[in-house]
K.L.:
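Quick one: the structure is below, and I'll ask about it shortly.
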Number of protein chains: 2
Amino acid sequence: MKLSTRGRYGLRAMLDIARHTEKNEPVSIAAIAQHQDLSERYLEQIMMSLKKAGLVYSSKGAKGGYTLGKKPEDITVGEIIRALEGEISPVECVSLQKSEECIRADFCVTRIIWREVRDVINQVLDKYSLADLLKEEKNLQKEENYADGLSGS
Amino acid sequence: MKLSTRGRYGLRAMLDIARHTEKNEPVSIAAIAQHQDLSERYLEQIMMSLKKAGLVYSSKGAKGGYTLGKKPEDITVGEIIRALEGEISPVECVSLQKSEECIRADFCVTRIIWREVRDVINQVLDKYSLADLLKEEKNLQKEENYADGLSGS
DNA sequence: GATAATACCTACCAAATTAATAGGAATTAT
DNA sequence: ATAATTCCTATTAATTTGGTAGGTATTATC
């Protein structure tokens, strides 16, 4: 039950872009990779998925890079994660676009649980937008400064 | 974000044992494997983990097998899944018995989300006991009968 | 118009994890 | 004694993940 690096890296990349979104300058893969300490080549693939999902807009050529495809408050973590990892579901048999029905589907009680797990995970992921996270980030920094002040002087 | 077969098979195995628990006869690996259509050899390993966690009691030798280690209402799905898959957490960095702290830990906002996801998953899993599932199973069967009755005669 | 910086695309590869097999020892009811 | 069972450890096969690689297309800048 672990998220893969695609989802984790992708979310961090999106946050990185979101932080630069005020200036409205595109952020390059090279820049993101450096900030986030990721492989450029791997990040490239991740960005392609995000682009395909419409979550980022890209401009090619020199000075090119990525900007958010929507406002930070309109991009949820759920969208990002699902764009990168596919539908989030703890088991195949309660996946919405599942390939084939399990033969046990009709009488298998465990599906009740898997459905509920699927739903709560997605609810949490959909609850947070990039804007929310940026706001939380500022709170974290405040706390940090406060702690420094206390222990420091 | 998928559960492994260990967890899924293990839960089904536990339900199987729970169904036989009234008679208080141990259920053998061979029998469970047959009912659930699983590899005996693989199930064997799963049962070892369940035993180690105290969720089943085993008796060796002819007529041996497994019985529940506690009352069905005292065994939660969460306990079973965690016994088989380890701690349930979407990322390593919010795992309770994590090996090493992430260098980003202090300022990484994504952890807020991962923690919440971790908690809701475990809450759902801990909410259901084997007894609850057996009860649900009976409900499913009733509905089935009812549906048959409607479409049948 | 040349150059450098960038995204885009597809294929491939290596490591890790998962799922399962296999062989045999120990125990116990009959 | 025998057959049925759990217990333990090692090995292997399959799948997924996490990346690397090579090359093309586009565009700002000089």
Side-chain angles (χ1 to χ4, degrees), chain A residues 1-13 16-17 20 25-34 36-69 81 84-92 99, chain B residues 1-13 17 20 24-34 36-69 81 84-86 89-92 99:
Chain A
M1 280 292 275
K2 286 276 184 288
L3 231 58
S4 80
T5 53
R6 281 177 61 86
R8 288 193 283 130
Y9 293 179
L11 177 55
R12 276 163 54 198
D16 207 325
I17 300 170
H20 290 79
E25 275 178 353
V27 192
S28 73
I29 284 179
I32 302 171
Q34 195 174 28
Q36 302 298 325
D37 193 29
L38 303 174
S39 143
E40 284 188 35
R41 245 47 219 290
Y42 190 35
L43 181 58
E44 212 179 284
Q45 295 177 35
I46 292 172
M47 294 314 298
M48 273 199 284
S49 298
L50 291 171
K51 162 133 208 224
K52 211 187 241 171
L55 297 175
V56 293
Y57 175 79
S58 71
S59 49
K60 283 189 182 178
K63 299 261 171 173
Y66 295 90
T67 49
L68 292 185
I81 298 298
L84 295 170
E85 312 237 342
E87 196 193 334
I88 297 296
S89 175
V91 296
E92 198 53 43
S99 41
Chain B
M1 280 292 279
K2 287 275 184 291
L3 230 60
S4 81
T5 52
R6 281 176 61 86
R8 289 193 282 132
Y9 295 178
L11 177 54
R12 277 163 54 199
I17 299 170
H20 290 80
N24 218 33
E25 274 178 355
V27 191
S28 72
I29 284 179
I32 301 172
Q34 193 173 29
Q36 302 298 325
D37 192 28
L38 303 174
S39 142
E40 285 189 36
R41 247 42 223 290
Y42 190 35
L43 181 58
E44 211 178 287
Q45 295 177 34
I46 292 172
M47 295 313 298
M48 271 198 286
S49 298
L50 291 171
K51 162 133 208 225
K52 212 186 243 177
L55 297 175
V56 293
Y57 176 80
S58 71
S59 49
K60 285 188 182 179
K63 297 262 173 173
Y66 295 90
T67 49
L68 294 184
I81 298 298
L84 295 170
E85 313 236 341
S89 175
V91 295
E92 197 52 44
S99 38

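First the proteins, then the strands, lettered A, B, ... as listed; each starts at 1.
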K.L.:
Can you tell me how far P of D:dG19 sits from CG of A:D37, to the nearest Å?
P.N.:
11 Å
K.L.:
Are OP1 or OP2 of D:dT16 and a side-chain N or O of A:S4 less than 4.0 angstrom apart?
P.N.:
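A:S4 to D:dT16 OP1/OP2: no side-chain N or O under 4.0 Å.
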K.L.:
Nearest 0.5 Å, please: how far is NE2 in B:H20 from CD1 in B:I32?
P.N.:
8.5 Å
K.L.:
Would you state whether a donor and an acceptor, one from the side chain of A:R8 and one from the base of D:dG18, lie under 3.5 Å apart?
P.N.:
no
K.L.:
Starting at NZ of A:K51 and ending at P of D:dT26, how long is that distance when rounded to a whole Å?
P.N.:
12 Å
K.L.:
side-chain contact (heavy atoms from CB on, under 4.5 Å) with B:R8: which of B:L3, B:I46, B:I81?
P.N.:
B:L3
K.L.:
Hey, where on DNA chain C does chain B first and last touch, going 5' to 3'? Cut-off is any atom under 4.0 Å from a heavy atom.
P.N.:
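Boundary nucleotides touching chain B, in 5' to 3' order, are C:dA19 to C:dA29.
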K.L.:
Give the rounded distance in Å between these two atoms: CD1 of B:I46 and P of D:dT9.
P.N.:
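For the pair B:I46 CD1 and D:dT9 P, the rounded distance is 18 Å.
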K.L.:
Within a reach of under 6.0 Å around CD of B:Q34, are more than 12 heavy atoms found that belong to other residues, nucleotides or ligands?
P.N.:
no
K.L.:
Report the distance from atom CD of B:E92 to atom P of D:dG18, rounded to the nearest whole Å.
P.N.:
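Computing the B:E92:CD to D:dG18:P distance gives 13 Å.
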K.L.:
Starting at atom CG of A:L38, determine the distance to atom C1' of D:dT17, rounded to an integer number of angstrom.
P.N.:
15 Å
K.L.:
Between B:S89 and A:K2, is there a side-chain heavy-atom distance shorter than 4.5 Å?
P.N.:
yes
K.L.:
Please give me the minimum heavy-atom distance between A:G64 and A:S28, naming the atom from each residue.
P.N.:
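So the minimum-distance heavy-atom pair works out to O-CB, 4.1 Å.
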K.L.:
Report yes if the side chains of A:K63 and A:P26 come closer than 4.5 Å at any heavy-atom pair, otherwise no.
P.N.:
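They are not in side-chain contact.
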K.L.:
Starting from P on D:dC8, measure out to CD on B:Q45 and report it in whole angstrom.
P.N.:
13 Å
K.L.:
Rounding to an integer number of Å, can you tell me how far B:Y66 OH sits from D:dA4 C1'?
P.N.:
13 Å
K.L.:
By nearest heavy atom, map A:M1 and A:G64 onto DNA chain C; which one lands nearer the 5' end?
P.N.:
A:G64
K.L.:
Considering only heavy atoms and no angle criterion, is a donor-acceptor pair shorter than 3.5 Å present between the side chain of A:R41 and the base of D:dG18?
P.N.:
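Counting by modelled atom types and ignoring angles, no donor-acceptor contact under 3.5 Å is found here.
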K.L.:
Rounded to the nearest angstrom, tell me the gap between atom NZ in B:K2 and atom C1' in D:dT17.
P.N.:
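After rounding, the reported distance stands at 15 Å.
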K.L.:
As a quick check of understanding, evaluate side-chain contact (heavy atoms from CB on, under 4.5 Å) for A:Y42 and A:T5, giving each step before the final call.
P.N.:
CA-CA 10 Å; A:Y42 190 35; A:T5 53; 2.9 Å; yes
K.L.:
Evaluate side-chain contact (heavy atoms from CB on, under 4.5 Å) for A:S49 paired with A:R6, printing each intermediate quantity in order.
P.N.:
CA-CA 10 Å; A:S49 298; A:R6 281 177 61 86; 2.7 Å; yes
K.L.:
Is the side chain of B:E85 donor-acceptor paired with the backbone N or O of B:S4 at a distance under 3.5 Å, no angle test?
P.N.:
yes
K.L.:
Within less than 4.0 Å of OP1 or OP2 of D:dG18, is there a side-chain N or O belonging to A:Y9?
P.N.:
no
K.L.:
From C-beta outward on B:M48, which listed nucleotide comes closest to its side chain: D:dT6, D:dT29, D:dT9?
P.N.:
D:dT9
K.L.:
Please work out which residues in residues 53-62 of chain A have a non-hydrogen atom less than 4.0 Å from an atom of DNA chain D and list them by number.
P.N.:
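Going residue by residue through residues 53-62 of chain A, the ones with a heavy atom under 4.0 Å of DNA chain D turn out to be A:K60, A:G61, A:A62.
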